[in-house]
Each structure stands twice: as structure tokens, then as C-alpha cells.
Amino acid sequence: MFALVDGNNFYASCERVFDPGIRAKPVVVLSNNDGCAIARSAEAKALGIRMGHPIHLVPPPLRKQLVVRSANFTLYGDMSARVVSVLRDAAARVEVYSIDESFLDLSGIADPEAFSRGLRQRVHRWTGIPNCIGVAPTKTLAKLANKMAKAGAGVVVLDTLDQQARALEHFPVGDVWGVGRRWSEKLASLGIATAAQLRDAPTDLILERFGVVMTRTQRELQGQPCMALEEVEADRQQILVSRSFADRVEDHEAVAQAAATFAVRACEKLRRRGLVTSAVGVFAQTDAFRPELKQHNPTRMASLPSATSDSRVVLSAIRRLMIGMLRAGYGYKKAGVTLTDLAKPRDLQGDLFTAAIVGDDRLMATLDQINRKFGRGVAGLGASGWQVKPVWGMRQQMLSPCYTTCARDLPRALC
DNA sequence: TCTGGGGTCCTAGGACCC
DNA sequence: TCTGGGGTCCTAGGACCC
């Protein structure tokens, strides 16, 4: 049996843990640049705030009722780690599926229902994060059970075939894990509107029209596990760092500095995972929401002669790629850097003339150590520009404190 | 004024190989 | 008139996830 533990309205709940004054209020967390709603408390959902909806399209009278926050991923990441530590304490095998969801292996647990109720309370009490738990013999059914639990029960166990049949009967197929908007439309055109109808559809038809992925989903709905618990996170195949800018940027040097900053950040991620890259890419985009303006979305890629995790090597490749990439008189709104062809150093082999890996590991380790100790960006490379408030910076006007990761921001208890 | 960021997998088609 | 069989690699595009 699998259990799926899922934090309720996770980002909004994180904001509430250390700010009791907003616990009963409609809370909305915005994407980077304070653009769209990416998390809403139950109260905000009730007011009709939709997921992904641009906040500037919310009518002002409605907006005045909301507590609006900029995304504080440092806080959410740390709260997530706390939740996971409670889960690891409770179950032998845990798969951290996303920042707010984990699968647990419940095999050997005599009473999954009682276990889940206890765990749910414990996570809430120890971390402050309200959550729901769905339990079932496959991951897809556990996701489905979790969604049902959100309706109020808190814990839903789909143990017997009978329980599963009843759950699937009226469950919209578009809410099944792995069925997105496009496919639910296509399924509807075939007369498949519920999870039960997908479970019972001819497999040949599903395979022919949708491929093997949907066939797996179908089997999982039938109670046949096709997806295992993955305790060890697979190595990344790609690392991407990109940001939208608060304003359109015409200054090419500023865009280059943004790209340099992203490249350095991407290399930090690369090193933290113990990987090296041998292909880098860079892209820039103008403002797609202003079609009346001149548009230009260049993207460039290059293979490196040797793999590396050295920021300096990646950076100089990026700078070379960017020569002549941007056009004068265009306002760029977004840029990004990608690292691909990732590998573990031990899996690489050089040839007679080229080293498999280049770069200075000790220098980079020292750099990482300094930044970990004194804060990101304390030490780095000149190409990043080093502006306190760069013209390409993000808008984050309603950022909450980093209550749990920064001494300056520690909450104060008054007695 | 204002519209996120970061991933994965699968498939089809073309180039190329022997 | 008729033109093999088997394979790999790469890319682009489309779908999905949180």
C-alpha cells in the first residue's frame, strides 16, 4: 500500500505558521515578480481566486480583502524538509515527490487508517502544516484518495476493490494523476468522462490513441501497480535557471549580467548534485504579452570540449554564445541558462588529447562554502554585475521573513 | 503598471550507418 | 514495372507534473 501525504495549500500554509494573524484570512501567494496566484488558502479559493490567475486582473475591491505575499521559496523549502523529517520518522521508505507531497510505503502496517490519522495529526502539530493523506494499492489511486481526502475527511483509505469502485465511479477523469487538460478533452470525445470509464475502456484503444503512459495510468486505476516507490532521486538530466524581469530591458550588458548570474546559480546547483555538464545554452525573450512590440526570442546552445562544473568555464561559454545574440532596440523581459548532457564525473572518459573534465574543484568548493556561510552572492564572478538592485531584478514587494533560515528573521516570542 | 519557474517522458521524422 | 533490412542518434513538438 502507498500513502500520499500532501500539505494543504502548502505555500499559503507556510506563510501562516509564523504569522498567526493571517490564519483565518484569505491568503494568496504570488509567483516570482508578484505576477500570478500560485497558492491560495481555502478562504481565498472561496473568494474565487483561481490558480495561475494574474493578480492584476483581480478587481480591486476583491483584492483589498486578500492577504497577498510574494513567493518565499527559502521558507517553503525549509518547512518542506521539516515535514519530510516527520515522515521519515514514521515510515521506513519515503519518496519525496515534490515540495509538498511525499509517497510512503505502508507495507507491514496493520491498520493503515489509524496509522494515517496519527501521522496526519503529528505532521500538523510538529510543523504547523495542515495536510491530507490518501492510501491505496497504487500511486495513482493514492493520489485519487488524497484528492478525496481534501474534501473534508482528511484521510481516505481505498483498501478494498469495492471502495475503489465507488471512488472511481463519479471521479472526473481530468482529475486523475497523469490526465491533463488536453487528454481529458480527447477522452471526453471518446465518451470517457470518469475514472471508472477510463479504467474500463479497451486497452488497445487507449494504447493506440494515447500511448503507453496513459495505459499505465489505466492499469494503476485497475489496482495494478506500474509505478514503484522511488526513494533515491534520479540524477538530473537538465538544469535550468531563468527569470522574468520586472521591466523590459534594452541594455544588452544588463541582460548579459542577468545571464551570468543565472549561469553561476546553475553551476551551484550542478555542484550541489555532484554533476558536471558538457553542453550549455542561453536564451532571451521579449515581452510575449505585448504582441504590438517587436518580438525576438533567440536561443543558442554549445557543446563544451570537456565536461565541467566550474562556473568560470560555463560563464565564458555563455558570454561567447551571447555575442551578437541580442538586437538593439528590443526590450527583453526574460532570460535563462540551461546546462545539459549532465553526468557523474566517474562516468566520464577522456581521450588522448582532451581531458574528460576541466575546472578547479577546490576553488569552486571554497566559493560555495563562503556563500553558504555568509549568504548567496557574497563571493562570485565579476560578469554578474554586482548591482544591489539590478535593472533586470525581480519584483518581490510582499516578501515574508525567512523565519527559519536567517538569524535576523527569527520570530520573537513575547512573554 | 502588472502575466512563474523548473522538470520529465514519449513519439515521429529525418539523417546517417552498414 | 520492379529498388532491403536493420539499426542508431538527434531534434522538435507535445503531453504531463508540481
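We name chains A, B, ... by the order of the sequence lines, and we start the count at 1 in each one.
Environment of CZ in R219(A): sparse, with no more than 12 heavy atoms of neighbouring residues, nucleotides or ligands closer than 6.0 Å. A 6.0 Å sphere centred on NZ of K25(A) holds no more than 12 heavy atoms belonging to other residues, nucleotides or ligands. Atom CD of Q369(A) is surrounded by 12 or fewer heavy atoms from other residues, nucleotides or ligands within 6.0 Å. The number of heavy atoms from other shown groups lying within 6.0 Å of CG (L161(A)) does not exceed 12.
As judged by a 4.0 angstrom heavy-atom cut-off over every strand, L30(A) is placed among residues making no nucleic acid contact. Using a 4.0 Å heavy-atom distance criterion, R290(A) is classed as a base contact. Residue-level contact check: D100(A) touches the backbone only, with heavy atoms under 4.0 Å from sugar-phosphate atoms and none from bases. Within 4.0 Å (heavy atoms only), K186(A) reaches no atom of the nucleic acid at all. No contact: F210(A) has no heavy atom under 4.0 Å from any strand.
Geometrically, R265(A) does not engage F262(A) in a cation-pi contact defined by less than 6.0 Å to the ring centre and at most 45° from the axis. Relative to the six-membered ring of F245(A), K333(A) misses at least one condition, a distance below 6.0 Å or an angle of at most 45° to the axis.
Two rings, from W177(A) and F171(A), have their centers 6.0 Å or more apart.
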Criterion side chain to side chain donor-acceptor pair (under 3.5 Å) on D34(A) and S70(A), from CA distance to verdict: CA-CA 6 Å; D34(A) 297 341; S70(A) 305; 2.7 Å; yes
message: Does D159(A) form a side-chain contact (heavy atoms from CB on, under 4.5 Å) with M1(A)? I'd like the steps, not just the answer.
response: CA-CA 8 Å; D159(A) 206 350; M1(A) 296 285 271; 3.5 Å; yes
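In summary, contact between chain A and DNA chain B, defined as any nucleotide atom under 4.0 Å from a heavy atom of the protein, begins and ends at dC2(B) to dT11(B) in the 5' to 3' direction.
A residue-by-residue look at K269(A) and F245(A) shows that F245(A) has its nearest nucleotide of DNA chain B further toward the 5' end. Each of I239(A) and D247(A) has a nearest nucleotide on DNA chain B; the 5'-most of these lies closest to D247(A).
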query: Which dot-bracket string describes DNA chain B (Watson-Crick N1-N3 plus N6-O4 or O6-N4, or G-U N1-O2 and O6-N3, all under 3.5 Å; [ ] crossing; | other strand)?
result: ....||||||||||||||
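Separating the P atom of dC18(C) from that of dT3(B) is a span of 25 Å, rounded to the nearest Å.
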